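To find a chain, count down the sequence lines: A is the first, B the second, and so on, and within it residues start at 1. Source: prediction; values computed, not measured.
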Amino acid sequence: MTMSERVPGTNRATQPVTDQGYSTLETAGGHWMQVTDVAAYYGDRMAISEISMTIKPRSTTAIIGPSGCGKSTFIRCLNRMHEVGLGNNRVTGSVLLDGHDIYGRGIDPVQVRRYIGMVFQRPNPFPSMSIYDNVVAGIKLTRSPSRTELDEAVERCLNQAALWDEVKDKLKASGASLSGGQQQRLCIARSLAMQPHILLMDEPCSALDPIATYKIETLISELKRQYTIVIVTHNMQQASRVADETAFFLAGEERVGKLVEFGPTNQLFTNPTDSRTEAYITGRFG
Amino acid sequence: MTTRDVENEIASPASWNVQGPPIFARRGGVGADDVFKWLVYITAFAVPAVLVAIFILLVIDAWPALERFGLGFVTSSNWDNVKEQFGSLPYIYGTVVTSLLALLIATPVGVGAAIFVTEYAPRPLRVPVSFTIELLAAIPSIIFGLWGFFVLTPVMRSTVEPFMKSAVGPLPVIGSLFQGPSVGKDLFTGGVILSIMILPTIVSISREVLLAVPTMQREGMLALGATRWEAIREAVIPYARVGIAGAAILGLARALGETMAVTMVIGNSSRKITGSLLTPGYTMASAIANQFTEADNPLYFSAIVGVAALLLVVSAIVNVAARLMIWQISRGVAKGGNRG
């Protein structure tokens, strides 16, 4: 059974979303998301609201905006991480993965996260595990594959994450013994091992130096040929380098993040339609 | 002064290459800083000095017995104050067995409670639950002893011990731990009461350690599609394992020295070591507490002090071994510490 057959909510048939026109793209192997009128709350406080966007398959979508605009909150809504933790965090609206509502009734967030991988702001390899075990940590949660299968997965994912050559001789070393940039690529490899439909990256380079950042950006450009990527970044240059589409978030006076503008990266940076977008990308605030 | 003049003045060596007016005052005599320094030196050295002094005094007082029985003081199980034969092996055995049993029971329970408090308990339950558990630590030892004597002992004799005998007794190897009549006042009950007494230590330290695990570790595992329990098992506990080991060790240290409650439930008998937990026993601490008032001749007294010295040595060895172990594990983690 391949991963692409095991979509969340398998009791529901894949609904062709003709008005979006992505059903044909999905059959071509790409995975897409449709976000409609999403709002997220921390307890009673609304953090983002009225967010709608379409995340196109096999492309990179960047979320930019000043601190506190809710971009990290938003990306955490895409794999149901927002509801993790203390307090009464909740999300309203709908988020579809290939047409299936990930917030649908009876959908287990655990299942959702197996299809939507996430890379965090700070590299977070598991320090008690070897590099090898870090990569296969997710696979081992669901089943007990053969040693050969695991070996193959480790080599494939580390290759995809452009880390194989640097670590192939020390796969038994602790995952935390690597440099920050290597750790982050290890975390990417760890997510790729789950063969996710979507890869979410929450400011993946914010803790890295420029060379490590460059490597991750190159990697993102490689990965989007196969995966659908959503990346939050505070770095506008990064968005313009890696993203096909860019969304600009901004929090108003009530400190509720809203989507101000969403479009092809090129257009958003050269010819923004909203004056606030223009003010932000030209550096007049934020 | 024109700009040019200023430039000239700066450029001219005569105006700056000389010593300026004095700015540093020489300090003489003893300042408050020195006094404080010596004060903290003294306090820091006073603590190990007390330990060393206690040990030396114990050895001096115990010397007659140690000299007379030599290694037999530790290896012989014949303790007879009438015949003046003193071998303390049953006491050492009782201390080690009850403490290990307590550790075996209290560690899983304590870590489980700590996991509940940090990971599962709804917010309004957190504080009351951990507060109540820590209140256990405030209960005086003698009260545990009374409870053990009047409540725990009868229950152990009538229910728990017969059950263990029928359930575990027939098994090979481990079954030998549950042989003989259920007396209630025995090593098993001693271990059980100790496990309750060391629980607060294990819970509170494990809880601190679990709280210190970065959220990113938990979320990293959740993001791979782990359930809550899987994230705890695969990410949180491995990250916290060194601290959890430390919590267990501190619990063990407390169990080794605990006197009053154990004395009241262990049966206080220095009969032969049988290998079964269902035999009355003695711990080193309970032997000292029970016998020091009866020590009417010098050799008897000396033997009891000898047991005290041994208890000190055993406690020290356990602590050192534990710390070496923790150090070894933590070095393993430190080697791979986050260099992000």
Participant: Nearest 0.5 angstrom please: B:Thr227 OG1 to A:Leu141 CG, how far?
Facilitator: 7.5 Å
Participant: Considering residues, nucleotides and ligands other than A:Tyr214, do more than 12 of their heavy atoms fall under 6.0 Å from its OH?
Facilitator: no
Participant: Is it the case that atom CD1 in A:Ile211 sees more than 12 heavy atoms from other parts of the structure closer than 6.0 Å?
Facilitator: no
Participant: Please find the pair of heavy atoms, one from B:Glu219 and one from A:Val84, that lie closest to each other, and give the distance.
Facilitator: OE2-CG1, 4.3 Å
Participant: More than 12 non-hydrogen atoms from neighbouring residues, nucleotides or ligands closer than 6.0 Å to CZ on B:Phe163, yes or no?
Facilitator: no
Participant: Of all residues at least two apart in sequence or in a different chain, which pass the side-chain hydrogen bond (donor to acceptor under 3.5 Å, both in side chains) check with A:Thr61?
Facilitator: none
Participant: Does a side-chain N-to-carboxylate-O contact under 4.0 Å join A:Lys140 and B:Glu230?
Facilitator: no
Participant: What part of A:Arg80 lies closer than 4.5 angstrom to a heavy atom of chain B: side chain, backbone, both or neither?
Facilitator: neither
Participant: Report the distance from atom OG of A:Ser128 to atom CD of B:Gln217, rounding to the nearest 0.5 Å.
Facilitator: 7.5 Å
Participant: Can you tell me which portion of A:Ile139 sits under 4.5 Å from chain B's heavy atoms? Options are side chain, backbone, both or neither.
Facilitator: neither
Participant: So does B:Leu224 get a backbone contact from the side chain of A:Arg113, meaning a donor-acceptor N/O pair under 3.5 Å?
Facilitator: no
Participant: Can you tell me how far the OG1 atom of B:Thr215 sits from the CZ atom of A:Phe120, to the nearest 0.5 Å?
Facilitator: 10.5 Å
Participant: Between B:Ala223 and A:Met118, what is the shortest heavy-atom contact and its length?
Facilitator: CB-CB, 3.9 Å
Participant: What are the two closest non-hydrogen atoms of A:Asn124 and B:Gly220, and how far apart are they?
Facilitator: ND2-CA, 3.4 Å
